[in-house]
Structure formats: C-alpha cells, structure tokens
Number of protein chains: 2
Amino acid sequence: MATIRDVAERAGVAPITVSRVLNNSGYFSEETRRRVEKAAAELQYVPNQLARSLRSNRTDTLALVLTDITNPFWTTVARAVEDTAATQGFNVILCNTDEQEEKQLQYVSVLLRKRVDGFLLVPVSHNVEPITMIRQQGVPVVVLDRDIPELEADVVRCASEEGAYELIRYLIGLGHRDIAVITGPEVVSTAQERVNGYRRALAEHGLPVNPERIFFGNYTVESGYELARGVLQRQPRPTALFAGNNFIAIGALKAIREAGLQVPQDISLVSFDDLPPTLVVDPFLTVAAQSPYELGRQATELLLRRIAEPESCDWQKIVLPTELVVRRSCQAVAGERLGD
Amino acid sequence: MATIRDVAERAGVAPITVSRVLNNSGYFSEETRRRVEKAAAELQYVPNQLARSLRSNRTDTLALVLTDITNPFWTTVARAVEDTAATQGFNVILCNTDEQEEKQLQYVSVLLRKRVDGFLLVPVSHNVEPITMIRQQGVPVVVLDRDIPELEADVVRCASEEGAYELIRYLIGLGHRDIAVITGPEVVSTAQERVNGYRRALAEHGLPVNPERIFFGNYTVESGYELARGVLQRQPRPTALFAGNNFIAIGALKAIREAGLQVPQDISLVSFDDLPPTLVVDPFLTVAAQSPYELGRQATELLLRRIAEPESCDWQKIVLPTELVVRRSCQAVAGERLGD
DNA sequence: CTGTTAGCGCGTTCAT
DNA sequence: ATGAACGCGCTAACAG
C-alpha cells in the first residue's frame, strides 16, 4: 500500500508537498499539482486516515449505542443518524446493547479507545457510569430517548409522559374505567414516564390507580406476549390495554388472538410507538406516535454541534412531541360512554 | 487525555513497560504490574487505538455497505453482522447507499482511508469498480446478497432463482396461468434471477412467457405500489402477482386495497422475503423466505476468516436455500385447478 | 512556492 | 525483568 512518501518520491517532491496538493492547502505550482496527482493516481494512493487522526485528534466517526437495531423504531433512528452524520462527512459505528449493562460498558470502552468523536447513547439504566467514562475522556455524548435523573447532559427524547397521558385520556373518553398498562423495564425512564402519564390521566379523571393493573417487563414481543397473557387471565378482565411500545403491542396482539379475543370488540388496545408506514399495509392500532427519524436527526445535529464547539456547557434537553393517532383498535364502553 | 508516557512517569517506569503490563505481553514483575495498573487507573488512561492501529495495520473494524437499513431484511442482516463481528472484537461501520453508485463509491473510498479491516458490500450494480478499488488496497471483501457476473469473489447470497421458481410453480399448481411479476432494478442480480425463476417455472409447465407481465422497478414500497397499480389496470387482469421483495409486496397490497380488491379472492399474491415474525401479528402472505440473519452471519464469518488468513484465493460462493412458506394469500383458480 | 524537522501514541527490535 | 531507539504515516511549524 503506497504511502505519502512513495508518492513524493515518484513525483520528485517532498512528502509535505504531496500533503499540500492532496489536501489543497498552502501553496504549490500548477506543475507540481499535476505531477503529484499523476503519481498518486499511478500508485493508487489512499491516504491513511489513522495517521491523520493521530495528529488531528479527529476520526470523523460517531458511535451509536442503542438497544436493538431490530426494532423498527431504532432502525429509523439509526437511519436518521447515518444520514445526518454523512452530511458532515462522519461515519457511524453501530452497537446493540440488548439492554445489558455489561455490553454497554464494553462498547463504550472499546469506542473510547478508537477515539470516536462523539457518542449517541441510549442508556440501559440510570447508571451514569458509561456517561461518566465518556466525559472523563472529554468526548461529547448525547443521551438518546431516555433521561437519567439528576444527570446534567444533552438529552433528546420524546414526550413519553404526555403521550401516555393522551392515550389514557382518550380511552377514558371512550368510557374505559379499567385500563391495564404493560411496559418496559422499571429502570428505564421511558417506561416510568409512560406509567406516570397513565397515572396522571386516571387521577385527573378521579379514577383510582390500581397497582395490580401496572406491569413492567421488557420492550420485546415476548415480554408483551407474556404480560398480556397474564392480564387477560385476570378476573375481571380490563376493558382496555396500554402497550408501552410497538413490540409489546405486537406481543399483546398475539396473546389476544390466541385467547380467542378480538380487538376492539373484546378489548381495546393502544400503544406507544407506531410502526413505520412502510411496514404496515393497513394501520389499525391507535397509538402515540413518536418521530424516530426526527429524534435521530436532532440528536445527531446536536452532537455534531458539540463536537464542533466543545466549550459550551448549557445542556440542551430536547423533548419531541408525540402525536395521538386514532385508528380502529378502540371501542367505546357501552353504558358509560362519555364522548368520542 | 493521558498517554502511555504519562502513565509511565507516574509509575516510575518506561512507556514500553506500561505497554507490556497493559497488553500482558513479555515479562514484568508483580510489583511493576501493580504500580502500572494503579497509575493507569488514577490517570484514567485509555489506550489510543489509532496509534496502535497505525503500527499494527488492524483497526478491528468492518464496513457494512448496504442499500437501506430501513428494510427489515437488511436490519436483520445488520444485526447478524454486528453480533458476529462482536464475538471477535470487531466493530461495524454502517452505510446506506440507497442503490446509488455515487454514494457507494464515496463510502468505499472513505472507508478505505479509515483502514477498515474488511468490507461486506451489497453491490448497487454490476459495476465492479468499488470492488476493484477495495482489492487494490489489499482489503478483503465479501459480496452480500447479490452476485456480479464474471466477478471472482467471495459471495454469500440466497437462492433467488430457485425461490422464485418454487413460488411460481406453486401458483401454477393452483391453476394460475396469467401471473405478473414486479421486482427490483434490472441491473441487480436478485431481480434478474427472480425473473429467471419465474420464466423457468412457466416454461417448464409449457406456459408462454409474456414480456408484458414482467416489470422491473425498485425494491421499495412506492415502486411496488406504482407497478402494482399499473398491473391492476391491465385488461385482462392477471390472476396472480409475484412481488420481488417484502417492500414491493407491501406496496402491492396497498395498491390492491386501494383498487377495492381483496387478496386472495380477487388476486393471489406471493412475495420474496418474509417480514420478521416479530413484526407481524398474523402472517398472511405466501412467501419464499430467506434467512437474513444467517446471510449476515455466514458472510461475516467468511470475512473474518479472510482477514485472519489473507492468502487464500479459493473464492467461496455460498448460496443459502429459500423456504416456500405457504399461507393464505393465494387461491386456486376455479376450473383449472391442478393440485394443491 | 518548496523543503526540513519534529512529534502525534504506540509497540517491535535489540540491548542491558 | 526493564529500557532506548526507532518508525508506523501524516502534517504543523518553521525555514528558505
């Protein structure tokens, strides 16, 4: 593999001159340019970015540490991150933590060694260790989707509490009085907030909050399935179910089908997260829709700004609104209907 | 940010001793180990992998250049690649080409500069330029999902021709005689092969191949929608439709719904690619299912082998079988039924 | 306009 | 068991 010195020799100039021509920096004659470019082309010279980075302390690479790229929500976020990063010449290293502390810490550690210019991190828990580690090395981090209490940081996330609140208010408006919620891990802020929104909506309508109707689990299809199965066996059965994310909703739908029940006739169902329109022929679920693309885009833009101007310390907390999308997965409860 | 020299000073040893302790290579006393580890911890020393890579010519990083991570097929492949790479300590840089030559070339060029250890590439066309570029730098490439005619290379792909053949044979078995196919770009091997399988199935059953029933487009929902709309307007309307991938199938379903038609009553539909079971509550489409996870896993393992032993030149062509999954999207054609 | 020197942080080589 | 010198490939700083 040709180095800058090989090119220099062949062109009959010094390495620094090659550097100047190829980076178009400093002065050089037209004749020199031609000679250098010719030599570079003939040798198929590819500059070594590692050496460059070693000097410049920039790798033009971002780390995207999320839970599972397999969830279309994260897929869309990843796409947005990659798009946005590319507009400024950055590449993206992708990592899946599967919500495991250990993987998260391992990735952060490796990526720090690789000297990525910044991190987009979906924290697995409220443990601040990974973020502290990153900060100690002076590398910018933007926390994605989830907040960590008492942590001063740049955060870009969606309005989980409000979204949940609206969903539940909608259900209450349809006359529902017994609504169960199944959601993600209790250590994850989005799960907590969605439950908070649920609580607030009930409270504001003077309805009791029954702790036996609140279930934490994982943001997976399996977990949604299991939790929903549990819920459906209860007597009395709740008239509506609130799924904490798209995967949980899918799991719940499977459980409901398996129990021989129908949505919305036998039970109403709402969910956080939409599935991307491209994946669904006939959208059916009433949801609080987030904007994963926007989430990824804004987070990346913020991160790139932090990389460009590392001084600033006015942490930004960006909260993206959620949209209530009413479709056909809910039914009014007879006799108690309050509105539509 | 602390360097190896800072650690050495604090521990009262030479930098090389620090290197030996932290890499656990060569000899050093237990006392030295303790002192070095203490100093490293106190300084929060993070070794600079750039410097290491500059010497070792290894970055422990792979490039995954695919068309669009947003398609669940590629999402699953990406997940498999990341999982497999991680087992050997490699990270993955993700790039979306959107089927554009220019983006593809740009990415390849940048990633060569970054000295990734290997490429997993889904070629946008039969243009061998990107692959040639990579090879000239002595970097291993594994071609993913698509083959390039007359190119000697490691390729891991699915059996497109055979999968299409089986789908069409299945339709013919149901009595269909007029089957349209809508698929991806004509410059992409998978699209070609799926049409070849379609042709072969018809030919083997003595049925004419009508060029007016073959449509190339893009592997996107929009393209599927547009092409299907065109097909549905034809008189006579084909009795069955073969969608070249999952996105095209979704677009086709939208067009069919919009035309007020029902699957399978009014038209039968089959597709290449399944949607991941996790994304679908009630699988309905009859498909030729590929194994995207297996595709990504095998390709990555092959690439890692090439990286470990760069000498070998016996190109591997791995073709993964496709599975015909019969569900409820097809109906026998009355009066001409041949079998089930 | 072009070149020399030096150093980014690390690990191989050879010496002690 | 430990260290000094050197170079990986590149570019900033300083001549000329």
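Residue numbering restarts at 1 for every chain, and letters A, B, ... go by the order of the sequence lines. Note that the structure is predicted; figures quoted are calculated from it, not measured.
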Hey, is the main chain of Val124(B) close enough, under 3.5 Å, to the side chain of Gln104(B) for a donor-acceptor pair?
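Looks like yes, one N/O pair under 3.5 Å.
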Go through the structure and list residues passing salt bridge (Lys or Arg N to Asp or Glu O under 4.0 Å) with Lys103(B), not counting sequence neighbours.
Asp98(B)
Qualifying residues under salt bridge (Lys or Arg N to Asp or Glu O under 4.0 Å), relative to Arg115(A), sequence neighbours excluded:
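Arg115(A) satisfies salt bridge (Lys or Arg N to Asp or Glu O under 4.0 Å) with no residue once adjacent residues are dropped.
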The single option from Val188(A), Val187(A), Thr220(A), Asn218(A) passing side-chain contact (heavy atoms from CB on, under 4.5 Å) against Glu99(A):
Val188(A)
Is the closest side-chain heavy-atom distance between [X] and [Y] below 4.5 Å?
X         : Y         : answer
Leu66(A)  : Leu94(A)  : yes
Gln298(A) : Leu302(A) : no
Cys95(A)  : Val110(A) : no

Bend angle of the helix from dC1(C)-dG16(D) to dT16(C)-dA1(D) from five-pair axes at both ends, rounded to 10°?
40°
Straight-line distance of Thr17(B) OG1 to Leu22(B) CG, nearest 0.5 Å:
10.5 Å
Could you write nucleotides 2-10 of chain C as a row of B, S and -, 5' to 3', where a protein heavy atom under 4.0 Å of any base atom gives B, of only sugar-phosphate atoms gives S, and otherwise -?
BBB--BBBB
Would Glu30(A) and Arg34(A) count as a salt bridge (Lys or Arg N to Asp or Glu O under 4.0 Å) here? Give the steps.
CA-CA 6 Å; Glu30(A) 203 39 51; Arg34(A) 268 214 317 286; 5.4 Å; no
Residue pairs passing the salt bridge (Lys or Arg N to Asp or Glu O under 4.0 Å) test where at least one lies in residues 80-94 of chain B, sequence neighbours excluded
Arg79(B)-Asp83(B)
What are the bounds, 5' to 3', of the part of DNA chain D that sits under 4.0 Å from heavy atoms of chain A?
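First and last nucleotides in contact are dC8(D) to dA12(D).
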